[in-house]
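Since the structure comes first, as structure tokens, the remarks are kept for the end.
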Amino acid sequence: MIIVVKADLFNNGRLVYLEELYLGEPEHSQRTQCRAVAAGDSEYVIEAGLQDCGSKLTISDDAVIYSNKLIVSPAASYLGITRRTHAVVPVSCHYKRTHLVSSIDQQLHLAPSTPAEVSIAAFSLKLMTDDWTSETFSRTFYIGGLLHLKASYTGPDSAQRRLFIDSCVVTLSPDAMSVPRYKFIENHGCLTDAKEEGSNALFQPRTSASSLQLQLDVFLFYEDSRNSIFITCQLKATSEMWMSSPINKACNYVHSRWINEDGGDVCRCCDRICSKSTPGYDTNVSPQIPEEIVAGGTVTLGPLMVFNSK
């Protein structure tokens, strides 16, 4: 596991010192392989074995994951104060598990748009600048600000596809099922965070069928000292001919009512359960056009560092 850390970790001009960085728990802080070394004038690096420094191994259906945490532990000055923030940054290495395939020729003939031919890499979730013109690589945010998120499908057939966000969740680790967690998109595209008092959550007008942009208020979990968050979203791409439906939609909550960004009265189910059996499921498409999901992909963005104030 190789971790590169910028000396100006928080992008505020206050440099993190070499001796303030280590990987793992406090008991690992004095081990050479768990500590940072200088890598130039403005960067530090930690290089440790995958099983060193208290790393934890987890195995899912399709991945082997080694996870740990980078600790930033500012030392107090001789006056007993510090002007820098203690931080815990989750880090992990993910490896695809090997899948065994029978050598018997199954003679499968896949249609050009079957899910098997679409790489999960065709789906992405990026942070954008405030004016939406370009991707931003800043990972430091403050309470009161906004996150500008762009989900995209970039497969070779993206011009014929429409992207939807089924669900999104914020957690304190890369594990989307970890606790605490906060779902801000649910029920096949309902931006539920927009119902919260004072929320500025909003799907933006589409700039292309194969992408969706949305803004979300920066927040921290109440009474939890951890300040790094992860955003995990379930994305899918459908045939562009198949327009909105109760399971393919991007619903804003504006003036106490649900409104689909793509038009059509398909958001009424957002306060219940949206499914294919929801009334009005087929009201926006000719029955001659088959519903076609190219593929679905889970994407995770993070860690993002969140602070109370600049």
Side-chain angles (χ1 to χ4, degrees), residues 3-26 29 36 42-46 67-77 79-92 125-132 134-150 168-176 178-185 193-194 196-202 213-233 299-310:
I3 305 166
V4 178
V5 183
K6 291 188 179 296
D8 188 5
L9 177 63
F10 303 117
N11 291 326
N12 61 4
R14 297 183 183 274
L15 303 185
V16 174
Y17 296 119
L18 188 66
E19 59 271 19
E20 298 174 342
L21 297 169
Y22 63 89
L23 185 67
E25 301 293 342
S29 62
S42 60
E43 288 185 340
Y44 307 126
V45 64
I46 298 175
S67 57
N68 209 325
K69 50 189 177 184
L70 173 69
I71 305 297
V72 185
S73 182
S77 72
L79 295 174
I81 66 171
T82 179
R83 300 183 189 279
R84 284 161 294 149
T85 304
H86 180 91
V88 178
V89 183
V91 293
S92 59
L125 182 66
K126 298 178 180 179
L127 282 166
M128 304 298 289
T129 55
D130 291 352
D131 60 3
W132 302 100
S134 61
E135 181 179 4
T136 178
F137 297 98
S138 173
R139 291 298 183 265
T140 302
F141 300 90
Y142 298 91
I143 297 297
L146 291 173
L147 297 174
H148 297 81
L149 304 172
K150 181 177 182 178
C168 283
V169 62
V170 178
T171 54
L172 294 169
S173 78
D175 180 4
S178 62
V179 177
R181 61 179 179 267
Y182 176 66
K183 292 183 178 181
F184 63 93
I185 297 179
D193 181 74
E196 296 298 316
E197 183 178 357
S199 173
N200 294 293
L202 188 72
Q213 298 178 157
L214 68 120
Q215 64 184 38
L216 179 71
D217 295 279
V218 177
F219 70 89
L220 287 169
F221 286 94
Y222 181 64
E223 292 187 342
D224 196 302
S225 60
R226 290 170 289 181
N227 64 334
S228 56
I229 63 173
F230 293 79
I231 299 174
T232 302
C233 295
V299 293
T300 299
L301 180 65
L304 311 181
M305 305 300 295
V306 178
F307 300 97
N308 284 313
S309 60
K310 293 186 179 181

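In plain terms, the two heavy atoms of Asp193 and Ala201 that are nearest each other are OD2-CB, 3.4 Å. Of all the heavy atoms in Thr171 and Ser178, the pair that sits closest is CB-OG, 3.6 Å. Considering all non-hydrogen atoms of both residues, Ala36 and Tyr44 come closest at CB-CB, 4.0 Å. Nearest heavy atoms, Val170 versus Phe221: O-CZ, 3.5 Å. In plain terms, the two heavy atoms of His148 and Trp132 that are nearest each other are CD2-CZ2, 3.3 Å. Taking both residues in full, the closest heavy atoms of Tyr22 and Ser73 are given as CE2-CB, 4.3 Å, listed atom of the first, atom of the second, then distance.
Rounding to the nearest 0.5 Å gives a distance of 14.0 Å between CG of Leu172 and OH of Tyr182. Interatomic distance, CG of Leu220 versus CD1 of Ile143, reported as 4.0 Å (0.5 Å rounding). The distance from the CD atom of Glu20 to the OG atom of Ser29 is 12.5 Å, given to the nearest 0.5 Å. Taking CG of Leu216 as the reference point, atom CG of Leu202 lies at 11.0 Å (rounded to 0.5 Å). Residue Asp224 holds its CG atom at 12.0 Å from CD1 of Ile229, rounded to the nearest 0.5 Å. How far CG of Leu9 is from OG1 of Thr140: 6.5 Å, rounded to the nearest 0.5 Å.
Between the side chains of Asp131 and Thr129, a donor-acceptor pair is found at a separation under 3.5 Å.
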Could you walk me through whether Phe219 and Val306 pass the side-chain contact (heavy atoms from CB on, under 4.5 Å) check?
-> CA-CA 7 Å; Phe219 70 89; Val306 178; over 6 Å; no
Show the numbers, then the answer: is there a side-chain contact (heavy atoms from CB on, under 4.5 Å) between Ile185 and Leu214?
-> CA-CA 11 Å; Ile185 297 179; Leu214 68 120; 4.2 Å; yes
Report the C-alpha separation of Leu146 and Asp217 in whole Å, then their side-chain angles, then the decisive distance to 0.1 Å, and conclude whether the side-chain contact (heavy atoms from CB on, under 4.5 Å) test is met.
-> CA-CA 5 Å; Leu146 291 173; Asp217 295 279; 3.5 Å; yes
List the steps, then state whether side-chain contact (heavy atoms from CB on, under 4.5 Å) holds for Ile71 with Leu23.
-> CA-CA 6 Å; Ile71 305 297; Leu23 185 67; over 6 Å; no
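Judged by distance alone, the side chain of Glu43 and the main-chain N or O of Val4 form no donor-acceptor pair under 3.5 Å. The backbone N or O of Val88 lies less than 3.5 Å from a partner atom in the side chain of Ser228, making a donor-acceptor pair.
Annotation: side chain of Leu127 is in contact with side chain of Arg139 (closest heavy-atom distance under 4.5 Å). You'll find the side chain of Pro90 reaches within 4.5 Å of the side chain of Pro174, heavy atoms only. Proximity of Val89 to Val5: side-chain heavy atoms (C-beta onward) are nowhere separated by under 4.5 Å. Looking at heavy atoms from C-beta onward, Arg226 lies in side-chain contact with Pro180 at the 4.5 angstrom threshold. The closest side-chain heavy-atom distance from Leu301 to Lys126 is not below 4.5 Å. Within the 4.5 Å cutoff, the side chain of Asn227 has heavy atoms near those of the Phe307 side chain.
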